[in-house]
Amino acid sequence: MDNNLLTPNSNPKSPSTTPPRSSRYVNGVDNKLNYSVLLFNRMIRMKPLPLLIEFHKLLGDIVKMKRYSTAISLINKLLFLRISVDSCMMNIAINCFSHLKRIDLGFAVLGCIVKCGHEPLVSTYNTLLKGLVLEDRVYEAEVLFKKLIKERICEPNEVTYGTVMNGLCKGGNTKMAVRLLRYMERKGCKPSKEGYSTIIDGLCKDRMVDDALKLLAEMVENRVFPNVITYNSLIYGLCNLGRWEDAKQMLREMESRKINPDVHTFNIFVDAFCKEGMVEDAESVLRIMVEKGEKPDVVSYSALIDGYCLRGQMKEATAVFNTMIDKNVEPNVITFNSLINGHCKRSNIDEAMRLFKEITRKKLEPTVSTYSTILYGLFKVDKALSLFRIIINNGMHPNVALYTVLIDGSCKNGKLDTAVDLFSELNSRGLQPNIVTYNAMSNGLCNEGLIDEAKELVVKMEKNGVFPNSVTYNIILQGILRWKKPKDALLHLKEMEARGFSIDASSFSLLLHMVPAKKLDSNFVDLIQKLVPKDILKCKFRPAK
DNA sequence: TTAGGGTTAG
C-alpha cells in the first residue's frame with residue numbers, strides 16, 4: 001500500500017515511541033510499551049520477516065495500552081519499509097485515529113484502502129462508525145449506517161448494530177436504539193451481550209430501570225448471558241433511583257451466576273453512597289473492596305473525596321487525598337475539582353487557588369468545571385472580575401464559556417449591571433452568546449423581576465439564530481410564577497405545550513407552592529399533567545397504599 | 001488472544 005498513507009503530519013504532537021508524559025511517570029505501562037517497541041524494531045529486521053499476524057498481536061497490545069500515536073507511527077514504519085500491510089492492519093490504524101479523535105484521518109485510510117483496490121471489510125466500517133460516535137457525530141454515523149444498508153455496501157453484523165445502538169443511546173435516543181434492536185432481530189441478526197448491554201445501559205441512564213430489567217430477562221431467555229458490565233449498568237440505574245435493596249439483589253444475582261464484581265461495581269456503590277451523604281457507608285464499601293482483592297483506583301478515591309467535600313468536611317477529604325498519594329494512585333483533574341469546590345464553598349479561597357496551581361504543576365488540563373468552580377468561589381470575595389481582567393491582560397483570549405460563567409456568577413450575586421456589561425462586551429469581542437449564555441442572562445433578569453425584559457431577550461436570541469430550549473422556558477416560567485399572576489403562567493404553559501417542552505422538577509415544585517389551589521382549575525391541571533414528565537409525578541404523588 | 005461494539009467519578 002501507499003507509503004504516504006499514514007504520514008498525515010496534521011497531528012502536531014507527532015507520533016513518537018515515547019509517550020507524551022513526564023519522566024516522573026515511568027511505570028509498568030511505559031516499560032511494557034518500550035519493550036513492545038523494541039520487539040517491533042527487532043521484528044522488522046528479521047529475515048524472513050515474521051508473519052503479519054505477529055505484528056497484529058504486537059500492535060493490539062500497544063492499542064490496549066492506549067498508546068495510539070505509537071501504534072500509528074509503527075504502522076507508518078512498515079509502510080515506509082514497503083512491508084505489505086493488510087486490511088486488518090489498516091483497521092488498527094483507523095481505530096487509533098478514532099481514539100485520537102481524528103476520524104477524518106480514519107476516512108482518509110478508507111480512501112487509500114479503496115484506491116489500492118482492496119475491499120473494505122465490515123469491520124473497517126464498524127471502526128469508522130465507532131470513530132464517529134467517539135466524536136459525538138452520531139447523526140453522521142446514522143447516515144453512514146443507512147448508506148451501508150441501502151447501497152448494499154456491506155452486510156451489517158452484530159458489531160455494526162451494537163456500535164450504532166451505542167451511538168443512539170449516547171445521543172440520548174434510547175427509543176430509537178430499542179427500535180434498531182428489534183430491527184436487527186427481524187433481519188435474523190442475533191444481538192450479542194454487548195448489544196443488549198448497550199440498550200440496558202441507555203435505559204438505566206434514562207431512569208427506565210424496570211424496562212432495563214425486562215430486557216435482562218429477555219436476553220437470558222434468548223440464551224445470551226449478562227456479564228459484569230451488564231450488571232454494573234443495572235446497579236448504577238438502581239442506585240441512581242435510590243433502590244438500594246434492588247441493587248443489592250443484583251449483587252446476589254451476580255453471585256449466583258458466578259460473576260465477580262469488579263472495581264467499577266464497587267465504585268458505583270461508593271459514588272452513590274457519597275452522593276446521598278452516606279460517606280461512612282462508602283468507606284465500608286472501600287474496605288470490602290480491598291478485602292475482596294480489588295484495588296481502589298482514582299475513581300474510588302475521587303468519589304470519596306467528593307462525598308466529604310459536599311459535606312464540607314475538608315479535613316477528611318484531604319486525608320483521603322493523602323491516602324491516595326501514599327498508595328501511588330495519581331489524582332486527576334476531577335479529584336482536584338472536588339477539592340477546589342469544597343474549599344470554595346467554605347470560602348477558603350487561598351487553598352482553592354493553591355490546588356488550582358497544583359493542577360498545572362502536575363501537567364493536568366483544567367476543565368471548564370475547574371474554571372467555573374474557581375470563579376464562583378472568587379465571586380464570594382469579589383475577586384472574580386479582577387482575576388478575569390488579569391487573565392485578559394496576560395494575553396489570554398476569553399471564550400464564551402468563560403464569559404458565561406462570569407455573567408451567571410454576577411447575576412447570582414446580585415450584580416445584574418455587571419452581567420449586562422459583560423453581556424455587551426461579548427459583542428465587542430466578536431463572540432456570539434450561546435444558549436447557556438442567554439439562559440444565564442434571562443435567569444438574572446427574571447430573578448430581579450424583569451420578566452418582560454427576559455422575554456424580549458428570548459425574542460432577540462431567536463432572531464440571532466439561537467433557539468430557546470426547555471431550560472429557557474423553565475427559567476421564564478419560574479420568573480412568572482414568582483412575580484406575575486397565575487393567569488400569565490397559564491399562557492406560558494400553553495406556549496410550552498405548543499413547543500413541546502416539559503416542566504422540570506424545580507418549576508413543578510414552585511408551581512405547587514405559588515399557585516393557590518383554588519386557581520388550579522381544570523385547564524391548569526390538564527396542562528400540568530401533559531407537561532410534567534411521568535417520573536416527577538410518580539415521586540411527588542406516590543399514591544398511599 | 002489477529003482487527004471492530006457495551007460499564008464508574010466533577
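Bear in mind the structure is a predicted one, so any value in this text is a computation, not a measurement. Computed over heavy atoms, backbone and side chain alike; hydrogens, waters and symmetry mates excluded. Order of the sequence lines sets the chain letters (A, B, ...), proteins ahead of strands, with each chain counted from 1.
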I'd like to check A:C411 versus A:N443 (side-chain heavy atoms, cut-off strictly below 4.5 Å). Are they in contact?
no
In whole angstroms, how far is the C1' atom of B:dA9 from the CG atom of A:N332?
8 Å
Looking for any heavy atom pair under 4.0 Å, which part of the strands does A:N157 touch: base, sugar-phosphate only, or nothing?
base
Taking the ring of A:Y35 and the ring of A:F40, is the distance between their centroids below 6.0 Å?
no
Let's see if you can work this out: which of B:dT8, B:dA3, B:dT7 has an atom nearest to the side-chain heavy atoms of A:V299?
B:dT8
For the pair A:F273 and A:W244, name the ring-plane relationship: parallel under 30°, tilted 30 to 60°, perpendicular over 60°.
parallel
Considering only side-chain heavy atoms of A:S123, which listed nucleotide, B:dT7, B:dG6, B:dA3, is closest?
B:dA3
What residues in residues 165-190 of chain A put a non-hydrogen atom under 4.0 Å from any atom of DNA chain B?
A:N166, A:K170
Donor-acceptor pair, distance only, cut-off 3.5 Å: does the side chain of A:K193 make one with the backbone of A:P226?
no
Nearest whole angstrom, please: distance from the P of B:dG10 to the CG of A:L304.
13 Å
Given B:dG10, B:dT8, B:dA3, which nucleotide is nearest the side-chain atoms of A:D306?
B:dG10
Closest to the A:H56 side chain, choosing from B:dT7, B:dT2, B:dT8
B:dT2
Atom-pair distance (CD1 on A:I62; C1' on B:dA3), nearest Å:
14 Å
Picking from B:dG4, B:dT7, B:dG6, which would you name as closest to the side chain of A:S197?
B:dG6
Does A:R354 pair with A:D350 as a salt bridge, N-O distance under 4.0 Å?
no
Listed nucleotide nearest any side-chain atom of A:I334, set B:dA9, B:dT7, B:dT2
B:dA9
For the residue pair A:N166 and A:T198, confirm or rule out a side-chain donor-acceptor distance under 3.5 Å.
no
Taking only the side-chain heavy atoms of A:T370 (C-beta and beyond), determine which of B:dT2, B:dT7, B:dG10 contains the nearest atom.
B:dG10
How close or far is atom C1' of B:dG4 from atom CG of A:L132, stated in whole angstroms?
14 Å
Classify the nucleic acid contact of A:E158 as base, sugar-phosphate or nothing, counting any heavy atom under 4.0 Å across all strands shown.
base
For A:N95 and B:dT2, what is the distance between atoms CG and P respectively, to the nearest whole Å?
17 Å
Using a 4.0 Å heavy-atom cut-off across all strands, classify A:L121 as base, sugar-phosphate, or nothing.
base
Taking CE from A:M289 and C1' from B:dA9, how many angstroms apart are they, rounded to a whole number?
12 Å
Whether the side chain of A:T127 and the base of B:dG4 hold a donor-acceptor pair under 3.5 Å is what I'd like checked.
no
Given 3.5 Å as the limit, does a donor-acceptor pair link the side chain of A:E194 with the main chain of A:V159, or not?
no
Consider the side chain of A:C88, meaning its heavy atoms from C-beta on, and name the nucleotide among B:dA3, B:dG10, B:dA9 that approaches it most closely.
B:dA3
Between B:dT7, B:dA9, B:dG6, spot the one nearest the side chain of A:E194, thanks.
B:dG6
Contact class for A:T373 (heavy atom, under 4.0 Å): base, sugar-phosphate, or nothing?
nothing
Roughly how many Å is it from CD1 in A:I53 to P in B:dT1, rounded to a whole number?
11 Å
In terms of side-chain heavy atoms of A:D262, which of B:dT7, B:dG6, B:dA9 is nearest?
B:dT7
Rounded to whole Å, CG of A:D271 lies from C1' of B:dA9 at a distance of 6 Å
Neighbour count above 12 (heavy atom, 6.0 Å) for A:R346 CZ:
no
Is A:S192 touching bases, backbone alone, or none of the nucleic acid, heavy atoms closer than 4.0 Å?
base
Distance check: side-chain N/O of A:K205 vs OP1/OP2 of B:dT8, anything under 4.0 Å?
yes
Do A:F145 and A:Y161 have ring centres separated by under 6.0 Å?
yes
